[in-house]
Protein chains: 2
Amino acid sequence: MSASSIRARVRAEMLDEIKAVARRHLATDGANLSLRAVARDMGMVSSALYRYYPSRDDLLTALIIEAYDALGAAVETADAGADQLDPRGRWHAVCRAARDWALAHPAEYALLYGSPVPGYAAPDDTLGPALRPPVVLIGILRDGLAAGRVTAPDPEELPEPLRADLAEIAAAIAPGLPEALLARVMAGWTQLFGLISFELFGRIKRTLPHRAEYFDHQTTLMADLIGLPR
Amino acid sequence: MSASSIRARVRAEMLDEIKAVARRHLATDGANLSLRAVARDMGMVSSALYRYYPSRDDLLTALIIEAYDALGAAVETADAGADQLDPRGRWHAVCRAARDWALAHPAEYALLYGSPVPGYAAPDDTLGPALRPPVVLIGILRDGLAAGRVTAPDPEELPEPLRADLAEIAAAIAPGLPEALLARVMAGWTQLFGLISFELFGRIKRTLPHRAEYFDHQTTLMADLIGLPR
DNA sequence: GGAATGCAGAGAGCGGTGCTCTCTATTCGT
DNA sequence: ACGAATAGAGAGCACCGCTCTCTGCATTCC
């Protein structure tokens with residue numbers, strides 16, 4: 001049993017090392033990851049790599065899950081490091097953490113939030129890790145609501161069918177959160193994603209030198225929209 | 001000269017036909033467009049295609065420009081069809097037109113706003129067409145400002161270096177627009193892109209059946225943030 | 001302890017890709 | 001009518017994902 005576990009352990013290490021090499025390739029060559037190149041880098045022949053990952057998509061999936069978890073962890077520790085009674089401070093901490101992570105890992109960010117690879121369908125394993133950043137945002141609002149520092153907008157602003165949809169989402173990942181507030185935090189999450197994507201993919205770079213200030217101002221606008229107290 | 005123009009014309013038709021076939025392939029197979037497959041579809045051998053497009057990236061660039069122009073035209077006609085004195089109506093018309101176009105041409109939208117192809121750098125030809133949608137949004141605000149229906153936010157909310165950046169952008173594509181208002185329309189444009197991308201790339205689909213209502217509500221929130229009169 | 005089993009890796013090979021080079025036939029300009 | 005430019009065909013290079021077979025070696029079982 002211990003003898004069997006040593007083989008299992010070396011196998012797990014192999015899986016990790018392949019992922020690490022693949023991540024390095026991802027950073028330099030972008031999303032068109034080549035199994036053969038990874039194998040070459042490890043001194044193996046490409047067919048040997050199929051003992052560990054049955055296909056290129058499976059390796060990609062492993063990288064995606066890892067990246068989601070890394071982003072989620074970065075966001076969560078940033079939130080935990082902020083004053084828990086200051087919703088706006090937490091909001092900005094989380095936004096900045098997401099941006100910093102994306103700037104530090106552009107290829108992995110593109111893997112997560114870029115256009116999906118044509119033949120590739122993300123398996124359900126990725127669903128949980130993908131939810132970690134928005135769940136953190138929801139947590140900020142829930143705490144703010146409980147502390148009386150955040151007030152829910154008028155629910156009348158939502159058309160009925162939409163309110164039902166949002167209620168269902170709230171029941172799943174944001175129990176107790178008013179639908180109108182959920183809609184606003186979703187707006188904030190969408191904006192955060194859009195901001196990072198534009199900065200990373202677009203050509204804002206040359207025309208907007210003070211990107212950090214721009215980012216902070218835009219997230220401030222969204223904090224106002226959500227209703228976080230100043 | 002007319003004799004030369006007939007050869008030139010048949011060449012132009014060839015360029016267009018290749019683009020059309022490529023666009024069809026794009027719609028079905030996604031972004032991993034294959035030159036050989038396109039050539040096969042046209043009854044040619046792949047090397048012959050290189051007489052028209054020197055590389056796969058050049059063909060992609062042609063498709064990208066075409067797509068930018070199609071989206072820009074859709075957005076512009078939607079804006080022109082709305083009551084010019086109603087900023088909010090124009091805003092919603094433009095947002096819906098962009099979403100409709102994206103839903104009708106998902107692969108082309110992904111080409112424009114998805115993660116960039118690793119080796120590919122967008123040439124400057126794409127810069128002008130890419131600006132058409134945000135320029136339309138800016139036009140709405142400028143007209144609203146001139147008609148006194150939109151008021152500029154307090155410029156104090158902008159830190160100084162950011163204001164200088166925004167002033168430069170305004171000078172280039174939005175002359176006369178106050179910097180703080182430019183910042184808000186950029187927020188709206190970012191949000192619009194984020195909304196469409198999430199709907200197209202993400203997995204909102206199964207959990208949010210009433211997507212059109214959700215989209216309208218989110219764009220309404222942004223119209224409020226920008227300060228468009230109800 | 002020795003045999004049976006399972007697994008890691010190597011190698012060859014298939015069909016696909018982007019792209020280059022050479023060659024031929026047709027068409028254009030003069 | 002003749003030289004030049006052009007379109008297309010074909011072969012070929014290096015790469016890709018993936019499959020199959022075969023060989024050593026470690027593990028497991030009796």
Side-chain angles (χ1 to χ4, degrees), chain A residues 1-19 21-22 24-26 28-64 107 111 116-121 123, chain B residues 1-19 21-22 24-26 28-64 107 111 116-121 123:
Chain A
M1 166 218 169
S2 139
S4 126
S5 76
I6 171 182
R7 205 180 50 182
R9 209 186 55 214
V10 83
R11 192 171 208 285
E13 277 170 16
M14 206 59 169
L15 287 168
D16 275 357
E17 192 183 337
I18 293 172
K19 262 198 292 188
V21 174
R24 246 179 26 223
H25 272 79
L26 210 59
T28 62
D29 301 351
N32 47 5
L33 181 67
S34 154
L35 268 186
R36 293 179 108 115
V38 172
R40 228 176 294 134
D41 244 35
M42 301 190 57
M44 300 167 58
V45 86
S46 75
S47 61
L49 224 154
Y50 284 82
R51 298 271 172 205
Y52 300 95
Y53 291 97
S55 81
R56 179 177 169 275
D57 281 359
D58 291 273
L59 176 53
L60 271 183
T61 300
L63 290 174
I64 287 175
L111 209 57
V117 184
Y120 178 79
Chain B
M1 168 220 170
S2 140
S4 126
S5 75
I6 171 185
R7 203 179 54 183
R9 210 187 53 214
V10 82
R11 191 170 209 285
E13 276 169 18
M14 205 59 168
L15 286 168
D16 274 358
E17 191 182 337
I18 293 173
K19 261 198 293 188
V21 173
R24 247 178 26 222
H25 271 79
L26 210 59
T28 62
D29 300 352
N32 47 5
L33 181 67
S34 155
L35 267 187
R36 292 180 107 113
V38 172
R40 228 176 295 135
D41 244 35
M42 301 190 56
M44 298 167 58
V45 85
S46 76
S47 61
L49 222 153
Y50 284 82
R51 298 276 173 200
Y52 299 95
Y53 291 97
S55 80
R56 179 177 168 276
D57 281 359
D58 290 272
L59 177 53
L60 271 184
T61 299
L63 290 173
I64 285 175
L111 211 56
V117 184
Y120 178 79

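Here is the naming used below: chain letters follow the sequence lines, and residue numbers restart at 1 for every chain. Quick caveat: nothing in here was measured; it's all calculated off a predicted structure.
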For [X] and [N], give me the distance from atom [atom1] to atom [atom2], rounded to whole Å.
{"X": "B:R40", "N": "D:dG10", "atom1": "CZ", "atom2": "P", "answer": "15 Å"}
{"X": "A:R36", "N": "D:dC18", "atom1": "CZ", "atom2": "P", "answer": "11 Å"}
{"X": "A:M14", "N": "C:dC7", "atom1": "CE", "atom2": "P", "answer": "16 Å"}
{"X": "B:Y53", "N": "C:dC19", "atom1": "OH", "atom2": "P", "answer": "14 Å"}
{"X": "A:N32", "N": "D:dC16", "atom1": "CG", "atom2": "P", "answer": "10 Å"}
{"X": "B:H25", "N": "C:dG18", "atom1": "NE2", "atom2": "P", "answer": "10 Å"}
{"X": "B:D58", "N": "C:dT20", "atom1": "CG", "atom2": "P", "answer": "11 Å"}
{"X": "A:R9", "N": "C:dA8", "atom1": "CZ", "atom2": "C1'", "answer": "17 Å"}

- Query: According to a strict under-4.0 Å criterion, is B:R51 in side-chain N/O contact with OP1 or OP2 of D:dA5?
  - Reply: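 Answer is no, no contact under 4.0 Å.
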- Does B:R11 make a side-chain N or O approach to OP1 or OP2 of D:dA7 shorter than 4.0 Å?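 Yes, B:R11 has a side-chain N/O under 4.0 Å of OP1/OP2 on D:dA7.
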Nearest-neighbour nucleotide for the [X] side chain, [options] considered:
{"X": "A:M44", "options": "C:dG9, C:dG18, D:dC20", "answer": "C:dG9"}
{"X": "A:Y50", "options": "D:dC18, D:dA9, C:dG9", "answer": "D:dC18"}
{"X": "B:L35", "options": "D:dC16, C:dG18, C:dA10", "answer": "C:dG18"}

Determine the contact category for [X]: base if any of its heavy atoms lies under 4.0 Å from a base atom, sugar-phosphate if only primed atoms, P, OP1 or OP2 are that close, otherwise nothing.
{"X": "B:Y52", "value": "sugar-phosphate"}
{"X": "B:S55", "value": "sugar-phosphate"}
{"X": "A:L33", "value": "sugar-phosphate"}
{"X": "A:S34", "value": "sugar-phosphate"}
{"X": "B:L59", "value": "nothing"}

- Query: Looking only at heavy atoms, what is the nearest atom pair of A:L26 and A:A31, with distance?
  - Reply: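 Scanning both residues, the minimum pair turns out to be CD1-CA, 4.1 Å.
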- Item | Any side-chain heavy-atom pair of A:M14 and A:M44 under 4.5 Å |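 Yes, at least one pair of side-chain atoms sits under 4.5 Å.
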- Side chains of B:Y53 and B:L15 in contact at under 4.5 Å (non-hydrogen atoms):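 Sidechains of B:L15 and B:Y53: in contact.
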- Query: Mapping A:R56 and B:V45 onto DNA chain D by nearest heavy atom, which one lands closer to the 5' end?
  - Reply: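 Nearest-nucleotide comparison on DNA chain D picks B:V45.
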- Would A:S55 and A:D58 count as having a side-chain donor-acceptor pair, cut-off 3.5 Å?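 Checked: A:S55/A:D58 side chains pair up, N/O donor to acceptor below 3.5 Å.
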- Roughly how far apart are B:R24 CZ and B:L33 CG, rounded to 0.5 Å?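 B:R24 atom CZ to B:L33 atom CG measures 12.0 Å (nearest 0.5 Å).
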